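The structure displayed is predicted, hence computed values, not measured ones.
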Amino acid sequence: MSSQKPLVDRRKLAMNRARAMRRDGDFFLHQEARDEINDRLSIVNKSFARPALVTGLPDLWQKWFPDWTVVADDDVLALTEGAHDLVVHAMSLHWANDPVGQLIQCNRALEPDGLMLAVFMGDQSLHELRAALAEAEISLHGGLSPRVLPMGEIRDLGALLQRASFALPVADKSTLKLSYESLFRLSADLRDHGEGLALSEVAEARINRPLFERAETIYRESFGEEDRLVATFDFICLTGWAPDESQPKPLMPGSAKARLADALGTKEFKLPQKAGNDP
């Protein structure tokens, strides 16, 4: 019995990322993620002395955070258990075959009350491209194969934090809308970020000019604005803390020491019992 292929072909992904680094582009999506990380950390009322960062482009991020421990997003992360007070997972969790495993390893690398912050693509990212390619392939070939990496919805991604045993989990997102003159330009930007197609199951023979041209026509009709193609990039932000006794915990039902009526400065009235409900 053969095992099921993983969603992402890590060999293809590594090749895409290596080509992107050789092109030495501006990596503006990674810059957006970097700024998001800095903004989030600036409002945390805590300083961090032993930060680590996990990413698919470690050479790039090491330049931005030269004093941090920066490691690649391998299946087994090169992080020491309990060695860090902050772990950031930057722009790569959407490519993980086992995102929960990645988060669990980040949790283990934290000391008690350490912070984990993950920023990556998700939710409605590239939904326009996915829809246009799907409709084009169905119209030309009568079938459908994966063309764009599936993106997790924010409510499901937030649940990953609980599965990875983080305390005080929070999930939210920020959205960036960009416009392109052509589908070729959008595809080029994705390749320049190392975000080209790296799925295990792809019908390579069906990637051809007629499909590409048909997809651009559909894209322009459905998502065009002033003769440009609009592309959505949702940056998902997950935050969680390594459990610690010092953290606030929810009270047990019935454990309140003050009445809500007293706190609100109002009177408390008992609801009348319905007939037939007497003991």
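- Side-chain atoms of Asp9 and Ser200 include no donor-acceptor pair closer than 3.5 Å.
- Looking at heavy atoms from C-beta onward, Trp68 lies out of side-chain contact with Trp61 at the 4.5 angstrom threshold.
- With sequence neighbours excluded, the residues forming a side-chain contact (heavy atoms from CB on, under 4.5 Å) with Ala109 are Leu79, His84, Val87, listed by chain and number.
- Summarising the geometry of Lys177 relative to Thr232, their closest heavy-atom pair is NZ-OG1, 2.7 Å, with the distance given to 0.1 Å.
- Closest approach of Phe27 to Trp64, counting heavy atoms only: O-CH2, 4.5 Å.
- For Leu29 against His193, the heavy-atom pair with the smallest separation is N-NE2, 3.0 Å.
- In this structure, the side chains of Leu129 and Leu183 come closer than 4.5 Å at one or more pairs of heavy atoms.
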Q | Residues Asp113, Lys46; criterion side chain to side chain contact (heavy atoms under 4.5 Å, CB included); working and verdict | A | CA-CA 11 Å; Asp113 201 35; Lys46 182 175 181 176; 3.6 Å; yes
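- In this structure, Cys106 and Leu77 have side chains that are in contact, with non-hydrogen atoms separated by less than 4.5 Å.
- For the pair Ala242 and Phe166, the tightest heavy-atom approach, listed with the atom from each and the gap, is N-CD2, 4.3 Å.
- When all heavy atoms of Leu238 and Leu103 are compared, the closest pair comes out as CD1-CD1, 4.5 Å.
- Taking the side chain as every heavy atom from C-beta outward, Asp73 and Arg10 approach each other to under 4.5 Å.
- Taking CG of Asp234 as the start and CD of Glu153 as the end, the distance is 11.0 Å to the nearest 0.5 Å.
- In this structure the side chain of Ser165 never reaches within 4.5 angstrom of the side chain of Ile104, judged on heavy atoms.
- Atoms CD and CG, on Glu128 and Leu229 in that order, are 9.5 Å from each other to the nearest 0.5 Å.
- The shortest distance between side-chain heavy atoms of His94 and Ile236 does not fall below 4.5 Å.
- Contact check for Leu126 versus Phe233: side-chain heavy atoms found under the 4.5 Å cut-off.
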